[in-house]
Amino acid sequence: MLTKTQVKEALHIIEDMYPEAECELIHSNPFELLIAVVLSAQCTDSLVNKVTPGLFAKYHAPDDFAAVKQEELEQDIRSIGLYRNKAKNIKKLSESLIEQFNGEVPETREELMSLAGVGRKTANVVASVAFHTPAIAVDTHVERVSKRLGICRWKDNVREVEETLMKKVPEEEWAQTHHRLIFFGRYHCKAKDPQCPSCPLLDMCREGQKRMRQREVKHG
DNA sequence: AACTCGGGGCA
DNA sequence: TGCCCAGAGTT
């Protein structure tokens with residue numbers, strides 16, 4: 001397990017790898033952020049960012065999504081893929097926002113998670129980005145990178161990964177940590193094809209060391 | 001913990 | 001073609 005100091009160093013190195021890495025999920029209000037995060041499931045943000053300007057020019061509040069016909073909403077988000085499920089999810093989410101919170105996006109993680117179609121990851125993103133509540137959103141990249149590097153244990157579940165990160169990263173860096181690990185996981189520490197030989201974190205990486213040893217054996 | 005959902009993008 | 005993608009709900 002990496003120490004707090006080692007984690008800090010690792011995050012610093014990652015930041016140098018992606019100097020312009022910024023949060024792509026910034027929206028003018030919590031509702032738009034919430035919808036954008038739900039839309040981003042199983043696809044990249046750049047894809048979602050293609051439809052959100054037009055989408056939010058047309059829909060401004062939960063009432064608008066609740067009122068529109070499902071087929072029409074499907075067409076409005078068709079280009080991001082999985083559009084039938086996502087249109088259905090957004091309508092259900094909007095309806096539960098109206099029912100439970102009078103159409104206002106709640107601020108706590110617990111309240112956010114009580115909404116239809118909102119799980120731990122989405123709740124943490126919205127709580128942290130929109131309401132500046134200290135939280136770390138753990139998605140598949142964050143989880144994989146944390147485990148490979150040795151920030152947390154291999155057997156940790158999402159909740160435990162989250163807790164470990166919160167312990168080892170200063171609170172003021174939680175939001176940016178999420179995005180650093182995402183970029184690193186997406187472009188370098190890839191799920192099926194990690195680029196260990198060219199990785200600046202190799203020296204401190206548990207999984208990287210292991211993979212390099214296996215590589216040596218394999219190649220003689 | 002292991003499925004199910006299921007479309008666009010890219011090699 | 002085949003494989004992946006910044007998840008959530010259900011069993």
Side-chain angles (χ1 to χ4, degrees), chain A residues 11 14-15 17-18 20-27 32-52 54-55 70-71 73-97 100 105-106 109-130 135-149 151-162 165 169 173-195:
Chain A
L11 291 172
I14 292 173
E15 188 179 18
M17 294 172 72
Y18 309 103
E20 75 284 7
E22 289 173 11
C23 176
E24 294 183 30
L25 285 174
I26 292 175
H27 287 275
E32 291 186 3
L33 174 67
L34 177 59
I35 298 296
V37 175
V38 170
L39 285 178
S40 75
Q42 301 297 93
C43 74
T44 59
D45 279 4
S46 57
L47 206 53
V48 174
N49 289 338
K50 286 180 188 168
V51 302
T52 45
L55 195 67
Q70 166 126 358
E71 293 74 18
L73 181 54
E74 286 176 4
Q75 292 313 304
D76 290 336
I77 62 171
R78 181 160 40 101
S79 64
I80 67 173
L82 301 176
Y83 57 88
R84 279 185 222 120
N85 270 346
K86 289 182 180 182
K88 191 170 64 184
N89 290 344
I90 287 178
K91 280 183 73 68
K92 278 170 81 176
L93 170 58
S94 296
E95 285 160 14
S96 82
L97 266 172
Q100 295 176 237
V105 179
R109 282 171 291 181
E110 289 71 23
E111 288 172 318
L112 285 162
M113 283 184 66
S114 75
L115 294 164
V118 177
R120 185 166 201 90
K121 187 249 172 178
T122 304
N124 278 350
V125 171
V126 174
S128 119
V129 177
I136 293 185
V138 177
D139 55 44
T140 55
H141 289 308
V142 173
E143 181 175 352
R144 182 180 69 253
V145 169
S146 298
K147 288 181 176 180
R148 280 184 178 163
L149 273 173
I151 294 175
C152 65
R153 295 171 300 195
W154 269 110
K155 293 184 176 178
D156 285 348
N157 59 31
V158 175
R159 175 74 203 234
E160 290 166 329
V161 175
E162 186 183 321
L165 280 167
V169 178
E173 292 179 22
W174 287 356
Q176 45 180 318
T177 295
H178 172 70
H179 292 100
R180 284 182 197 165
L181 295 182
I182 296 274
F183 272 84
F184 180 61
R186 180 150 168 63
Y187 297 113
H188 206 102
C189 195
K190 299 188 251 186
K192 297 224 166 146
D193 185 24
Q195 312 285 305

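Below, chain A is the first sequence line, B the second, and so on; all start at residue 1. Please read these numbers as outputs of a predicted model, since none were measured by experiment. Heavy-atom basis, side chains included; hydrogens, waters and symmetry copies ignored.
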Separation of [X] atom [atom1] from [N] atom [atom2], in whole Å?
| X | N | atom1 | atom2 | result |
| --- | --- | --- | --- | --- |
| A/Arg120 | C/dG9 | CZ | P | 13 Å |
| A/Lys190 | C/dC5 | NZ | P | 9 Å |
| A/Lys192 | C/dC5 | NZ | P | 8 Å |
| A/Glu143 | C/dC5 | CD | P | 14 Å |
| A/Met113 | C/dG7 | CE | C1' | 12 Å |
| A/Ile35 | C/dA6 | CD1 | P | 20 Å |
| A/Arg186 | C/dG7 | CZ | C1' | 15 Å |
| A/Leu115 | C/dA8 | CG | C1' | 13 Å |

**Which atom of A/Ser128 lies closest to which atom of A/Ala135, heavy atoms considered** =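 Looks like CB-O, 3.8 Å.
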**Prompt:** Between A/His188 and A/Phe184, how do the two ring planes meet: parallel, tilted or perpendicular, split at 30° and 60°?
**Reply:**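 Geometry flag for A/Phe184 against A/His188: parallel rings.
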Donor-acceptor contacts, no H, no angles, side chain residues 77-86 of chain A, under 3.5 Å, sequence neighbours left out:
unit_1: A/Arg78; atom_1: NE; unit_2: A/Gln75; atom_2: OE1; d: 2.8
unit_1: A/Lys86; atom_1: NZ; unit_2: A/Leu39; atom_2: O; d: 2.6
unit_1: A/Lys86; atom_1: NZ; unit_2: A/Ala41; atom_2: O; d: 2.6

When the [atom1] atoms of [M] and [N] are compared, how many Å lie between them, rounded to an integer?
| N | M | atom1 | result |
| --- | --- | --- | --- |
| B/dC5 | C/dC4 | C1' | 15 Å |
| C/dA6 | B/dA11 | P | 15 Å |
| C/dG9 | B/dG8 | P | 24 Å |

**Asked** Does A/Lys121 have a side-chain nitrogen or oxygen under 4.0 Å from the phosphate oxygens OP1 or OP2 of C/dA6?
**Response**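 For A/Lys121, the contact criterion (side-chain N or O under 4.0 Å from OP1 or OP2 of C/dA6) is not met.
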**Phosphate OP1/OP2 of C/dG7: any A/Thr140 side-chain N/O under 4.0 Å** =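 Affirmative; the distance criterion is met.
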[atom1]/[X] to [atom2]/[Y] distance, rounded to the nearest 0.5 angstrom?
| X | Y | atom1 | atom2 | answer |
| --- | --- | --- | --- | --- |
| A/His179 | A/Arg186 | NE2 | CZ | 13.0 Å |
| A/Glu111 | A/Leu97 | CD | CG | 11.0 Å |
| A/Met113 | A/Asn124 | CE | CG | 8.0 Å |

**Request:** With heavy atoms under 4.0 Å as the rule, sort A/Val38 into base, sugar-phosphate or nothing.
**Result:**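 Answer is nothing: A/Val38 stays at 4.0 Å or more from every strand.
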**Request:** Using the closest heavy atom to pick a nucleotide of DNA chain C for each, name whichever of A/Ala191 or A/Thr122 lands nearer the 5' end.
**Result:**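 With A/Ala191 and A/Thr122 compared, the 5'-side residue is A/Ala191.
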**Request:** Walk along DNA chain B from 5' to 3' and tell me the first and last nucleotide with an atom closer than 4.0 Å to a non-hydrogen atom of chain A.
**Result:**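 Range of nucleotides within reach of chain A: B/dC5 to B/dG9.
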**Message:** Once salt bridge (Lys or Arg N to Asp or Glu O under 4.0 Å) is applied, do any residues pair with A/Lys147, and if so which ones, sequence neighbours excluded?
**Reply:**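 Scan of A/Lys147 (salt bridge (Lys or Arg N to Asp or Glu O under 4.0 Å), adjacent residues dropped) gives A/Glu143.
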